[in-house]
Amino acid sequence: MKQFFKFLFASCFGTILALMLLFILSWAVIAGIASASDKTVRVSENSVLKLDFKQVIPERTNNI
């Protein structure tokens, strides 16, 4: 019976440890993605946006 509780507590401890490790790793990944997207873009005055479309874009379609 003593051996059973030993294995039971070891399994519970391993499960809790694995969940904590998974939580920390997922938090680190989310924080890394969030910090990478915080780049601000500065647009100077009198700047021009140039769009290069690969296909012709019609002004009006036949769908009404």
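Because the structure is predicted, anything quoted here is derived from the model rather than measured. The residues of the chain are indexed from 1 along the displayed sequence.
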Cluster check Phe4, Phe9: I/L/V/M/F/W/Y, side chain < 4.5 angstrom: yes
Cluster check Leu51, Val48: I/L/V/M/F/W/Y, side chain < 4.5 angstrom: no
Spatial distance of atom SG (Cys12) from atom CG (Leu17) [nearest 0.5 Å]: 12.5 Å
Check: Leu8 and Phe5 side chains under 4.5 Å, non-hydrogen atoms: yes
Between OG on residue Ser35 and CD1 on residue Ile30, distance to nearest 0.5 Å: 12.0 Å
hydrophobic_cluster_shared for Phe13 and Met20, side chain cutoff 4.5 Å: yes
